[in-house]
Amino acid sequence: HFVELVKYKETNGHCNIPTKKNGSLGNWINTQRLLFRSKKLKADRYEKLVGIGFAFDQESKIWDRHFVELVKYKEKNGHCNIPTTNGSLGSWIKRQRE
């Protein structure tokens, strides 16, 4: 599965594969994250995954991406009053306000 992940990154420029839509590769990715969180992922496998830019903590990566979108929005519009109906950024803003 590692080779599949590398090919995906070469094609798409990232390793952020939707795990629910990618069958055995998605299951393998979830397993790697679970092993990492439980401190059972072997060091050599960890190094390989980090080496290709694999993110073990998707939540913080998503948070960072939305924060960058927010900064760009503020630069363009002069404020951060984004309607919560404004796509994924709006949904993220709503969760931050809660």
Side-chain angles (χ1 to χ4, degrees):
H1 286 97
F2 180 76
V3 173
E4 287 179 70
L5 182 59
V6 170
K7 287 179 184 177
Y8 182 93
K9 182 178 181 183
E10 288 171 355
T11 302
N12 298 283
H14 61 79
C15 297
N16 303 327
I17 298 173
T19 55
K20 292 180 182 177
K21 298 178 182 177
N22 284 287
S24 64
L25 179 58
N27 290 336
W28 181 81
I29 288 170
N30 284 334
T31 300
Q32 303 317 298
R33 289 185 175 132
L34 178 66
L35 290 169
F36 173 76
R37 284 192 301 272
S38 63
K39 301 187 186 322
K40 294 179 181 176
L41 184 65
K42 293 180 181 179
D44 62 326
R45 186 173 289 183
Y46 173 82
E47 293 298 326
K48 283 182 174 181
L49 289 166
V50 168
I52 63 165
F54 182 80
F56 288 96
D57 182 4
Q58 279 299 93
E59 290 179 21
S60 66
K61 191 166 186 130
I62 291 168
W63 193 95
D64 290 345
R65 188 185 81 231
H66 282 107
F67 183 77
V68 169
E69 287 179 55
L70 176 62
V71 169
K72 289 178 183 176
Y73 182 95
K74 184 176 184 201
E75 289 172 355
K76 181 179 177 184
N77 299 286
H79 63 81
C80 294
N81 299 324
I82 298 170
T84 56
T85 56
N86 187 347
S88 66
L89 181 58
S91 298
W92 179 80
I93 289 291
K94 182 178 180 179
R95 287 191 304 276
Q96 303 313 303
R97 291 175 178 158
E98 293 174 349

Gap separating the OG1 atom of T31 from the NZ atom of K40, nearest 0.5 angstrom: 12.5 Å
If you look only at distance, which donor and acceptor atoms sit under 3.5 Å apart when one is on a side chain in residues 69-77 and the other is two or more places apart or in another chain?
from : atom 1 : to  : atom 2 : distance (Å)
N77  : ND2    : Y73 : O      : 3.0

Enter the distance from K48:NZ to K42:NZ here, rounded to the nearest 0.5 Å. 11.0 Å
Would you give me the side-chain donor-acceptor pairs under 3.5 Å for residues 15-28, sequence neighbours excluded?
from : atom 1 : to  : atom 2 : distance (Å)
N22  : ND2    : P18 : O      : 2.6
S24  : OG     : H1  : NE2    : 3.2

Atom pair CZ/NE2 of R95 and H66 - distance to nearest 0.5 Å: 6.5 Å
Pairing residues for Y46 by the ring pair (Phe, Tyr, Trp, His ring centres under 6.0 Å) criterion, not counting sequence neighbours: F36, F56
Within a reach of under 6.0 Å around CZ of F2, are more than 12 heavy atoms found that belong to other residues, nucleotides or ligands? yes
Spell out, as yes or no, whether a donor-acceptor pair under 3.5 Å connects the side chain of R33 to the backbone of A55. yes
Report the distance from atom CD1 of I29 to atom OH of Y8, rounding to the nearest 0.5 Å. 8.5 Å
Shared hydrophobic cluster for V50 and L34 (ILVMFWY, side-chain gaps under 4.5 Å): no
May I have the step-by-step check of side-chain contact (heavy atoms from CB on, under 4.5 Å) for R65 and W92, ending in yes or no? CA-CA 10 Å; R65 188 185 81 231; W92 179 80; over 6 Å; no
Could you measure the distance from the NZ atom of K94 to the CG atom of N86? Nearest 0.5 Å is fine. 13.5 Å
Go through the steps to decide whether W63 and Q96 satisfy the test side-chain contact (heavy atoms from CB on, under 4.5 Å), and finish with yes or no. CA-CA 10 Å; W63 193 95; Q96 303 313 303; 3.1 Å; yes
